[in-house]
Each structure stands twice: as structure tokens, then as C-alpha cells.
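This is a predicted model, so every value here is computed, not measured. Computation of the quantities below employed the complete heavy-atom set of this structure, encompassing side-chain atoms and omitting hydrogens, waters and symmetry-equivalent molecules.
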Amino acid sequence: MVRTSFQARIAIVLILLPLVVIGALYFAVQAATNASIRTQAREQLEVGTSVFGQLLDTHARQLRDAVQVLTSDFGFREAVASGDEATIRSALFNHGARINAGVVMMFDMDGKLTASTSAPPSVAQTEQINRQLNRQGQSILMPFDGQIYLLVQATINAPLPIARLVTGFAIDDRFAHELNQLTHLELSIIGSMDGQPDVFVSTLQDLHKITFDGDSGEVMHGDEPFLVQRLVLGSGDGFRVQALLQRSLEQARGSVVALNKQILLIAVAALVASLMGALLLARSLSRPIRHLAGAAERVGQGDYEVPLALDRGDELGSLAKAFQSMQQGIAERERQLAHNALHDPMTGLPNRNLALERLSSAIMADRHIALLYVGIGNFRTVTESCEAGGGDRVMQQLANRLQMALRPSDSLARLHGDEFVLLLDGADVDSAVATADRVQQLSMKPFRIDNVDIALDCHIGIAGYPSDGVTPEELLRRAGIAMQDAGQLPGRIQVYESGRDAVQQRQVQLIRDLRHAAQREELLLHYQPKLDVRNPSRIQAEGLLRWQHPQFGMVSPGEFIPIAERTGSIQILTAWVIEEGVRQLQEWRQRGLMVQLSLNISTDDLIDAELPYRVGQLLAHYRVPASQLIFEITESGVMLNPAVALQVLHGLREKGIGLSVDDFGTGYSSLAQLKRMPVQELKIDQSFIRDLDDTSEDAVIVRSTIEMSHSLGLKVVAEGVELQRSLDLLDRWQCDSVQGYLISRPLAPQAFEAWMQRPLTSPVSLVH
């Protein structure tokens with residue numbers, strides 16, 4: 001690798017600086033020039049817009065005046081009144097030719113076309129012309145018969161209204177070039193009508209080569225940019241006429257070519273001058289820096305005593321003095337770093353590394369030793385209830401109390417966060433339990449922080465050498481397992497039980513494998529049918545996730561879903577479930593099977609503002625209507641962050657996705673909360689349905705929930721239907737849909753397809 005000297009680098013930097021400044025100045029001038037060009041172009045477009053409007057008004061006025069002349073002609077009115085078609089047609093052709101009209105049409109007062117100078121428009125176009133002229137006044141721009149016309153109408157009175165005369169002026173290339181001559185702007189007029197090809201009029205060749213750049217106000221014609229002003233000239237049911245006034249930016253830039261050349265000449269001269277000055281300055285700086293580099297190399301080798309001989313009164317001299325002060329402090333800092341590497345900075349206690357060293361020493365000496373692994377189950381709640389720094393002060397006070405339970409030969413270490421370990425030298429498990437009880441009593445006393453009493457929920461796990469392990473890491477890990485188990489016990493103290501490693505290892509492996517389960521195609525989606533009680537032929541289902549682990553077989557959702565929520569993998573699973581469900585809906589649609597599918601989304605998904613966008617992309621990609629998809633949400637998920645969750649729910653609803661409140665009645669729901677949520681369905685939790693009968697307490701809850709939901713305009717789904725009597729009651733109470741083992745268990749896709757093809761028999765027949 002080629003190494004560049006410091007002197008050369010200084011020279012390069014000093015050359016680059018003016019180069020950057022000059023470059024920035026050049027581009028700033030370019031930007032200002034471009035802005036000025038665009039401003040002028042916009043002003044030209046504004047003027048062109050005014051001229052264009054006046055030109056259209058002039059043509060419209062001329063047409064109106066000409067039409068009034070014809071409708072006022074006594075002979076023409078007499079011909080119209082008598083129905084003299086030959087005279088009428090002759091008058092229309094002669095008058096149209098005299099005023100250069102593209103088309104002249106006459107309608108009776110019922111809107112029926114009675115005469116025309118060109119091929120008669122279709123019935124639909126005739127109705128459209130009449131409807132729009134009646135709605136928008138005496139004149140309108142609209143496309144028909146392959147052209148864009150400015151249509152003006154007038155009434156023929158004899159003396160009562162007997163007919164209407166409509167004269168059309170064709171907006172063609174001649175009109176566009178007329179405006180181009182007046183304003184020096186390019187003009188493109190586009191007329192579109194339902195069921196008809198678009199009509200284009202433009203002063204530009206190859207209008208189809210125009211590409212629009214979003215909403216920036218620019219279009220590209222081939223490789224040439226144009227600034228564009230859009231005008232809507234006419235619109236109505238099924239048609240639209242718009243004009244594009246365009247100014248070429250490339251032509252406008254031609255006036256600044258000379259200025260660019262002058263700027264480049266100035267830049268070259270400045271760079272030459274900078275090169276000369278940079279070489280001189282770099283030479284004066286490089287020599288003292290070499291001395292400083294030599295001194296730094298000696299310090300790196302551990303020599304802090306050699307003085308730095310650099311007697312200068314400038315900044316480099318100050319740097320030399322600072323360097324000497326640094327040498328004096330390095331030794332002290334090295335000693336401090338060695339201490340910090342083995343101690344917790346907040347409490348001053350030994351850290352995990354030092355605890356493992358002391359534990360290793362006891363094992364090597366073959367001394368009995370017991371570990372008390374202390375964790376705080378409510379640490380997060382404690383930190384949230386305290387002011388800033390309150391959690392750290394709680395840890396410091398707890399460390400002081402834990403030390404009170406130790407003998408002189410014992411030691412205490414803080415592992416990390418809210419976890420401590422007590423090393424009881426020479427103690428067995430029985431004596432460790434007694435010590436753990438004293439520690440528990442000490443920790444139960446409230447901690448006074450910022451005039452607030454804080455109570456800790458301490459979990460203590462116990463492991464001993466040699467009964468529970470023969471290596472420091474093994475003992476510490478098993479004590480940690482016991483601490484986790486202690487959190488499930490009333491006394492919050494647990495001695496390590498043999499065999500718990502396998503359970504933890506399974507959980508660790510599940511955590512590790514869960515993130516890759518979708519990539520390895522281990523996930524499955526089963527479908528549990530939902531029966532529409534009023535319309536059994538309507539096919540509904542809930543998608544339920546399954547995991548076929550290569551080692552453990554089919555893992556229960558009750559086991560891996562909590563793991564996913566705890567470790568942050570739940571959004572990966574939700575993303576897979578949504579895409580797989582939408583893909584399956586597409587496959588069924590292609591075979592003529594229309595299914596409305598319900599999918600569960602997690603709490604983490606409810607606070608993901610991008611979820612509606614991603615789901616919308618999936619629906620568009622697979623071409624599946626949003627109405628086939630229902631997302632089931634939990635009440636607790638919405639309550640975690642109501643503001644964001646409601647925003648996400650409204651975003652999903654705007655896409656057309658249905659929303660259902662899952663497990664209703666087991667969370668925090670209230671009528672006020674339901675009114676704020678854009679949901680269309682409630683699912684009554686299976687705990688109220690499973691043993692439902694007419695005399696149970698659950699019957700009152702279920703029946704009132706159904707009535708309340710219907711009064712709010714919500715549909716009701718009852719899950720957990722396993723008995724015929726429950727289904728009969730739900731039918732009597734007009735529950736909308738039911739779901740449960742009585743209807744069907746969750747089925748693989750092929751089995752669900754077979755279920756969909758079933759004849760409408762039990763349990764449907766039991767309801768109807």
C-alpha cells in the first residue's frame with residue numbers, strides 16, 4: 001500500500017478546500033441560474049395561461065355571436081318551425097362554412113338530434129352533449145368523434161323555444177400553433193372520454209414520448225425537460241379535457257453558457273494560486289509534527305518519562321505541553337481501567353468477570369461454595385415509577401442491604417442490570433437457603449426514593465458446588481435457571497432442580513430457530529371454519545399458525561407465540577402469516593373459491609405505522625380484494641399505545657380491511673373505547689361459550705353482549721362452540737357467526753378445501 005506523507009496530505013487538503021469552495025460557488029451559481037430560469041419560465045406560463053384563456057373566450061364569443069345571427073334569421077326560424085329539412089341543412093352548412101365551424105348541430109327541445117353538418121354522433125355522445133350543456137351553461141369543451149370541440153348553444157324561438165342550435169369549433173393543431181405564435185409556449189391538449197380513444201392536439205411531435213415527473217410540475221419530452229402548467233378546460237361525467245402549457249428549460253439555459261465559461265476560468269486561476277500556497281504551508285507544519293509523532297511512538301511503547309523537546313510559541317508548542325501532561329496521567333488511568341474491568345461502575349461491586357474468577361478459585365481449591373442468584377421481577381415498573389436516576393439509586397441501596405447479609409469470607413457481585421450474585425464461601429445448599437431467607441427479608445423492606453416508597457419483588461435462585469455443577473459458567477447458569485423458576489413460586493426462592501437444563505435448552509433453541517422458521521419453510525397455516533348462522537353457504541375461516549420444528553415436531557402455539565412476543569420475533573411471524581394468508585386467498589380465488597379470512601395481528605404490529613402500507617402492497621401484488629381479509633386485534637394491544645394503535649387501525653380500515661376485536665370480555669374493553677375503534681366485529685371469548693346453557697351466568701353476559709353489539713352496528717362471532725345446545729342458544733340470540741370444534745377443528749389447506757365442498761348438513765341443519 002502506498003503511504004502518503006503528512007506534508008503531501010496537508011498540501012492536498014489545502015488544495016481541496018478552495019476546490020470545494022469554488023465548486024460549491026459554481027454549483028450555487030448554477031442553482032441560482034436554474035432557479036431564475038424556472039421563475040422566468042413560470043412567469044411565461046402564467047402569461048400564456050391568461051392569453052390561452054382569452055383566446056378561448058374570443059372564439060367562444062365569436063361562435064355565440066355567429067349563432068345568434070343564424071337563430072335571429074327569420075327565414076331560418078320559419079324553416080325550423082315548418083320542418084323544412086332541406087333549407088335547414090343548407091343553412092347549417094352555409095353558416096358553418098362562413099364561421100369556420102367544425103360542426104353545427106340542431107336538437108329539438110327534447111334533446112333529439114334533428115340535423116348535423118357532420119356524421120351524427122352516437123346516442124350516448126348526443127345525450128352527453130345535451131346533459132353537459134344543460135348543466136354547465138351555454139358553452140363547454142369536450143371530446144367526441146375523434147376531435148376536441150368548443151361547443152356553444154343558442155335557442156331558436158318562434159316565438160316560443162322550438163329548437164336548440166349547437167355550434168362546435170374544433171380545437172386542432174392550427175389553434176395550438178396560433179397560441180404558440182402568441183406566447184412562444186408549447187401547447188398540448190388532451191381529451192379523454194370513457195369508452196373512446198384519447199384525443200391529442202399538440203405543437204410537439206411524438207406527444208406519446210412525454211413522461212410526467214410526479215407532482216414536480218415538469219415533464220420530459222424525449223430527453224428534453226419542460227416546465228408545465230396544467231389547466232382543466234372541461235370535465236364532466238365520463239370525460240375530461242386538459243391543456244398542458246410547456247416551456248423548454250433547455251432553450252432557456254442557452255443564455256448562461258458564457259457565464260459558465262468565465263466561472264471555470266476563475267476557478268482554474270484560483271486553484272493554481274492555492275497550490276503554490278499549500279506547498280509552502282505544508283512544509284512549515286510537517287517538521288514539528290514529525291517530532292510529536294516520535295514522542296507518541298515512545299509513549300505507545302510504555303516510555304512516559306522522555307521529555308518532548310519542542311520549544312514553540314504557537315499551537316504546536318501548546319500541543320507539546322499537553323502531550324507531556326497526558327504522559328503523566330496515562331499510568332493513573334491504566335490503573336483505573338484495570339479496576340473498572342472487574343467492577344461495576346455504579347455500585348462499585350465486583351462484576352461478572354471478577355465473580356467468575358473468585359468462583360473459579362474456590363472450585364480449583366475444591367472448597368464448597370453456594371451461589372444466590374438475585375433478580376428483580378418488577379425492575380421495569382420500578383424504573384418507570386421513579387424520576388430520572390431513581391432506578392440506579394434503588395440498585396445502590398439494594399447492594400448495601402445485600403452486603404449486610406454476607407459474612408467476611410463471602411462476596412457480592414453485580415452481574416448486569418437488575419441481577420446480583422452472592423458467593424457464600426464454604427456454605428452448602430441448606431445454609432444458603434437460610435441466607436436467602438435473610439436476603440429476602442432485607443429486600444422486602446421499602447426503599448425510599450424521591451419521597452416515594454419502592455417495594456422490590458426479588459427472585460432468588462440457589463446452586464452449589466459440587467452438587468449442581470463443576471465449572472463457574474455451569475454453576476452461574478443453573479443458579480440463573482433457579483432464579484427464573486423462583487419467579488413462579490409464592491416464596492420467590494428456589495433451589496436448582498436437576499433436569500431443568502433440558503427445559504431451558506429447548507427454550508433457547510426455540511428462540512434461536514424461531515427467527516429462521518419462515519425461511520426454512522417450517523411454518524404452516526391451518527384454517528378453522530367459521531359458520532355464518534344466517535347464511536351457511538358463505539365461507540369464512542380463521543388462519544391459525546403452526547410450527548413444524550425439525551427436531552421437536554409440532555410445537556404448540558401456546559409455547560412459541562409467547563417466546564416470539566418476548567424476543568421480538570412476533571412481527572416476523574405476523575408478516576409471514578399475512579403474506580401466506582393472502583397468497584392462499586389468491587390461489588382459492590383462481591379456482592373459484594371465495595373465502596373471507598381472519599388473521600391475528602400482535603400488539604407490536606398495532607404500533608407499527610407502516611403496517612397498512614405493507615398490507616396494501618401485498619393485496620395489490622396478489623390481486624386480492626381487501627374485503628376478503630379481517631384482522632383480529634386484542635383489547636390489551638390497543639390499550640398499550642392507544643394513539644398509535646388507533647392510527648394504524650384507521651389506516652387498515654381505509655384500505656378496506658375488516659377489523660375484529662378478539663377475546664372480547666377478557667381485557668380492558670369499554671363502550672367508549674369500542675366507539676373510538678373502527679371495528680366491525682366482536683369475538684366473544686370461548687371461556688363464556690364452552691359450557692354455555694340457558695341457566696348459566698355466562699348466558700346473561702353472552703346475550704347482552706350480542707344485543708349491545710348489534711345496537712352498535714357490530715357483528716358478533718362466538719368462538720369455542722363445542723356443544724349443540726350452545727349453538728342452539730346462539731342461534732336463538734341471533735349471533736352472526738360461530739366457530740369451534742362442533743363446526744370443525746383447524747384444517748390444513750387441502751382438508752379445508754374438502755370441507756368447503758361439503759353438503760350443507762349438520763351442524764347447519766341443526767340451526768336451520
Worked verdict on Glu587 versus Arg583 for salt bridge (Lys or Arg N to Asp or Glu O under 4.0 Å) = CA-CA 6 Å; Glu587 181 179 323; Arg583 185 203 63 77; 2.9 Å; yes
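- Shortest non-hydrogen contact noted between Pro529 and Trp755 is CB-CH2, 3.3 Å.
- The side-chain hydrogen bond (donor to acceptor under 3.5 Å, both in side chains) search around Gln196 returns none, not counting sequence neighbours.
- Distance alone, capped at 3.5 Å, places no donor-acceptor pair between the Ser50 side chain and the Val47 backbone.
- In this structure, Ser82 contributes its side chain and Ala79 its backbone to a donor-acceptor pair below 3.5 Å.
- Under the rule for a salt bridge (charged side-chain N to carboxylate O under 4.0 Å, His left out), the partners of Glu632 that lie at least two apart in sequence or sit in another chain are Lys683.
- Between Gln628 and the options Gln596, Arg589, Gln586, a side-chain hydrogen bond (donor to acceptor under 3.5 Å, both in side chains) holds for only Arg589.
- Counted by atom type alone, Gln540 and Ser598 present zero donor-acceptor pairs between their side chains at under 3.5 Å.
- Listed by chain and residue number, Glu681 satisfy the side-chain hydrogen bond (donor to acceptor under 3.5 Å, both in side chains) test with Ser660 (two or more places apart in sequence, or in another chain).
- Closest heavy-atom contact between Leu63 and Leu150: CD1-O, 3.6 Å.
- The minimum heavy-atom distance linking Ala243 with Leu233 is given by the pair CB-CD1, 3.7 Å.
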Which side-chain N or O atoms in residues 101-113 pair as donor and acceptor under 3.5 Å with protein atoms at least two apart or in another chain?
| residue | atom | partner | partner atom | Å |
| --- | --- | --- | --- | --- |
| Asp108 | OD1 | Asp110 | N | 3.0 |
| Asp108 | OD1 | Gly111 | N | 3.0 |
| Asp108 | OD1 | Lys112 | N | 2.7 |

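- Among residues two or more places apart in sequence or in another chain, the salt bridge (charged side-chain N to carboxylate O under 4.0 Å, His left out) test is passed with Glu579 by none.
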ask   = After noting the C-alpha distance and the side-chain angles of Lys715 and Ser709, does the key distance pass the side-chain contact (heavy atoms from CB on, under 4.5 Å) rule?
value = CA-CA 7 Å; Lys715 292 187 176 181; Ser709 301; over 6 Å; no
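- Checked against salt bridge (charged side-chain N to carboxylate O under 4.0 Å, His left out), Arg614 has the following partners two or more places apart in sequence or in another chain: Asp608.
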inquiry  = Walk me through whether Thr574 and Asp605 qualify under side-chain hydrogen bond (donor to acceptor under 3.5 Å, both in side chains).
reply    = CA-CA 8 Å; Thr574 304; Asp605 295 298; 2.7 Å; yes
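- Contacts classified as side chain to side chain donor-acceptor pair (under 3.5 Å) and involving residues 83-94 (residues at least two apart or in different chains) are given here: Asp84-Thr87, Ser90-Asn94.
- Proximity of Leu531 to Ser737: side-chain heavy atoms (C-beta onward) are nowhere separated by under 4.5 Å.
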Acceptor/donor pairs from residues 152-172 side chains to any protein atom, 3.5 angstrom cut, sequence neighbours excluded:
| residue | atom | partner | partner atom | Å |
| --- | --- | --- | --- | --- |
| Gln153 | OE1 | Arg164 | NH1 | 2.7 |
| Arg164 | NH2 | Asn130 | OD1 | 2.0 |
| Asp172 | OD1 | Arg174 | N | 3.3 |
| Asp172 | OD1 | Phe175 | N | 3.2 |

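- Not a single side-chain hydrogen bond (donor to acceptor under 3.5 Å, both in side chains) links Gln181 to another residue, sequence neighbours left out.
- One N or O on the side chain of Gln680 and one on the backbone of Pro678 form a donor-acceptor pair closer than 3.5 Å.
- Nearest heavy-atom pair across Val199 and Pro143 is CG2-CB, 4.4 Å.
- Remark: Trp733 engages no residue in a ring-ring contact (aromatic ring centres under 6.0 Å, His included) (not counting sequence neighbours).
- Side-chain contact check for Arg534 and Gln734: no donor-acceptor pair (N or O, by modelled atom type) lies under 3.5 Å.
- Between Leu245 and the choices Leu179, Leu227, Ile189, Val228, the side-chain contact (heavy atoms from CB on, under 4.5 Å) rule is met once, by Leu179.
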inquiry  = Working note: Leu659 + Ile630, criterion side-chain contact (heavy atoms from CB on, under 4.5 Å); need CA distance, chi angles, decisive distance, verdict.
reply    = CA-CA 5 Å; Leu659 298 174; Ile630 296 177; 6.0 Å; no
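- Annotation for Arg732: atom CZ counts as buried by contact number, over 12 foreign heavy atoms lying within 6.0 Å.
- For the pair Arg653 (side chain) and Ile657 (backbone), a donor-acceptor distance under 3.5 Å is present.
- Applying the side-chain hydrogen bond (donor to acceptor under 3.5 Å, both in side chains) test to His710 and every residue at least two apart in sequence or in another chain returns Asp736.
- Between Cys735 and Ile706 the shortest heavy-atom distance is CB-CD1, 3.8 Å.
- Closest non-hydrogen pair, Val80 versus Ile88, comes out as CA-CD1, 3.8 Å.
- With hydrogens and angles disregarded, no donor-acceptor distance shorter than 3.5 Å links the side chain of Gln242 to the backbone of Gly191.
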side-chain contact (heavy atoms from CB on, under 4.5 Å) evaluation trace for Ile633 with Val679 = CA-CA 9 Å; Ile633 60 175; Val679 299; 4.2 Å; yes
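- Glu753 pairs by the salt bridge (charged side-chain N to carboxylate O under 4.0 Å, His left out) definition with Arg591, not counting sequence neighbours.
- A donor atom on one side chain and an acceptor atom on the other are found under 3.5 Å apart for Arg98 and His95.
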request  = Could you walk me through whether Leu92 and Phe76 pass the side-chain contact (heavy atoms from CB on, under 4.5 Å) test, one step at a time?
outcome  = CA-CA 9 Å; Leu92 293 183; Phe76 178 72; 4.1 Å; yes
